[in-house]
Amino acid sequence: DAGVIQSPRHEVTEMGQEVTLRCKPISGHDYLFWYRQTMMRGLELLIYFNNNVPIDDSGMPEDRFSAKMPNASFSTLKIQPSEPRDSAVYFCASSWDYLDTGELFFGEGSRLTVL
Amino acid sequence: EDKVVQSPLSLVVHEGDTVTLNCSYEVTNFRSLLWYKQEKKAPTFLFMLTSSGIEKKSGRLSSILDKKELFSILNITATQTGDSAVYLCAVNSGGSNYKLTFGKGTLLTVNP
């Protein structure tokens, strides 16, 4: 398997623009997580899905952020409008047995810079 | 609010040294504690611990959990330059819903 695939790897945009980050989880994994990583706050869970259904979105910072999972092999995280404080690395991770093993498989991240 | 605190924030050692990384936590409904290694990009899983006093071991890495004192340590013996990375501690808490809280990590640099 190719692992968790994220795109784009890097995005530079201007304040106010819409940003869409994409994720393809590992086939067969029924949990999908979106994390954000910054130097100040470390890794923060934004939202997670189980079987394509959002379970906990309490980490989504505000209404400018939204996430969807239309099918088992694709998820998006959208920021509209973007702000400079959204600059971070956004990770997608998937798992099929995290309750038993704690193992999440992370993608390589999307580095977002908002000017 | 759940808290995971790692120390030290950074550490520089020479190859062959032994290091101990610390993780303390305050969470409700503790389920498990996890260690991840983050090199340049994505974190990769090392260990999950659920019971106090039982050491998990993988090669030169080992970890143990103390649920009474609410901390865990990660030991790396005979360090190598390839061990240079950020080591992340995370605690899984909550009821039926997943809630994984990460510490900010310890940056380990192993010099030749």
Side-chain angles (χ1 to χ4, degrees), chain A residues 1-10 21 23-26 29-51 53-60 88-111, chain B residues 1-10 21 23-25 27-51 54 56 58 61 63 65 72 74 85-107:
Chain A
D1 201 315
V4 175
I5 299 172
Q6 291 186 245
S7 65
R9 296 290 306 280
H10 300 274
L21 307 179
C23 175
K24 177 177 165 40
I26 293 173
H29 285 190
D30 51 5
Y31 289 91
L32 183 139
F33 307 84
W34 281 101
Y35 280 90
R36 176 171 70 176
Q37 187 174 41
T38 61
M39 290 289 291
M40 288 293 293
R41 300 175 68 90
L43 262 175
E44 301 173 281
L45 177 66
L46 300 176
I47 186 171
Y48 83 97
F49 296 83
N50 181 20
N51 292 320
V53 176
I55 302 300
D56 186 349
D57 65 355
S58 60
M60 295 285 261
V89 180
Y90 290 81
F91 285 103
C92 176
S94 69
S95 178
W96 65 276
D97 64 347
Y98 80 85
L99 282 179
D100 292 330
T101 69
E103 185 166 13
L104 302 185
F105 294 82
F106 284 82
E108 298 210 328
S110 294
R111 181 176 293 277
Chain B
E1 188 179 319
D2 294 345
K3 261 196 238 180
V4 178
V5 178
Q6 293 187 244
S7 64
L9 288 180
S10 66
L21 310 182
C23 175
S24 63
Y25 61 91
V27 300
T28 53
N29 297 317
F30 175 89
R31 293 180 65 96
S32 59
L33 184 143
L34 304 103
W35 286 96
Y36 281 80
K37 178 182 181 182
Q38 185 174 21
E39 295 177 82
K40 289 180 183 170
K41 294 170 185 173
T44 53
F45 174 79
L46 293 174
F47 298 113
M48 182 174 84
L49 302 116
T50 55
S51 302
I54 298 176
K56 288 277 183 95
S58 175
L61 276 67
S63 182
L65 173 67
S72 173
L74 175 68
V86 174
Y87 289 83
L88 296 164
C89 173
V91 176
N92 190 351
S93 63
S96 55
N97 277 352
Y98 169 94
K99 189 177 176 187
L100 195 61
T101 303
F102 278 86
K104 292 195 177 145
T106 293
L107 172 61

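In the text below, chain A, chain B and the rest are named by the order of the sequence lines, each starting its count at 1. Keep in mind the model is a prediction, meaning the values are calculated, not measured.
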Interface moiety of [X] toward chain A, non-hydrogen atoms closer than 4.5 Å:
X: B/F47; result: neither
X: B/L34; result: side chain
X: B/L33; result: neither

Notebook entry, point to check: Which atoms of A/Y35 come close to chain B, meaning under 4.5 Å heavy atom to heavy atom: side chain ones, backbone ones, both, or neither?
Noted result: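 Contact with chain B is through the side chain of A/Y35 alone.
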Notebook entry, point to check: Which bit of A/Y31 comes within less than 4.5 Å of chain B, counting heavy atoms only: side chain, backbone, both or neither?
Noted result: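 Nothing of A/Y31, per the 4.5 Å heavy-atom cut-off to chain B.
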Notebook entry, point to check: So, the side chain of B/T106 versus the backbone of B/P8: is there a donor-acceptor pair under 3.5 Å, distance only?
Noted result: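 Yes; at least one donor-acceptor contact below 3.5 Å.
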Check: With distance as the sole test, does A/Q6 use its side chain to make a donor-acceptor pair with the main-chain N or O of A/C92 at under 3.5 Å?
Finding: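 Yes, the answer is positive, given that a donor and an acceptor are paired below the 3.5 Å cut-off.
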Notebook entry, point to check: Are side-chain heavy atoms of B/L65 and B/I54 found at a separation under 4.5 Å?
Noted result: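 No - every pair of side-chain heavy atoms lies 4.5 Å or more apart.
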Next item on the list: Could you tell me whether the side chain of A/L21 reaches within less than 4.5 Å of the side chain of A/P8, counting heavy atoms only?
Entry: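 A/P8 vs A/L21: side chains touch.
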Review item, side-chain donor-acceptor pairs of residues 36-45 of chain A, under 3.5 Å, at least two apart:
{"unit_1": "A/R36", "atom_1": "NE", "unit_2": "A/E44", "atom_2": "OE1", "d": "3.4"}
{"unit_1": "A/Q37", "atom_1": "OE1", "unit_2": "B/Q38", "atom_2": "NE2", "d": "3.0"}
{"unit_1": "A/Q37", "atom_1": "NE2", "unit_2": "B/Q38", "atom_2": "OE1", "d": "3.0"}
{"unit_1": "A/T38", "atom_1": "OG1", "unit_2": "A/R41", "atom_2": "N", "d": "3.1"}
{"unit_1": "A/R41", "atom_1": "NE", "unit_2": "A/E44", "atom_2": "OE1", "d": "3.4"}
{"unit_1": "A/R41", "atom_1": "NE", "unit_2": "A/E44", "atom_2": "OE2", "d": "2.6"}
{"unit_1": "A/R41", "atom_1": "NH2", "unit_2": "A/E44", "atom_2": "OE2", "d": "3.0"}

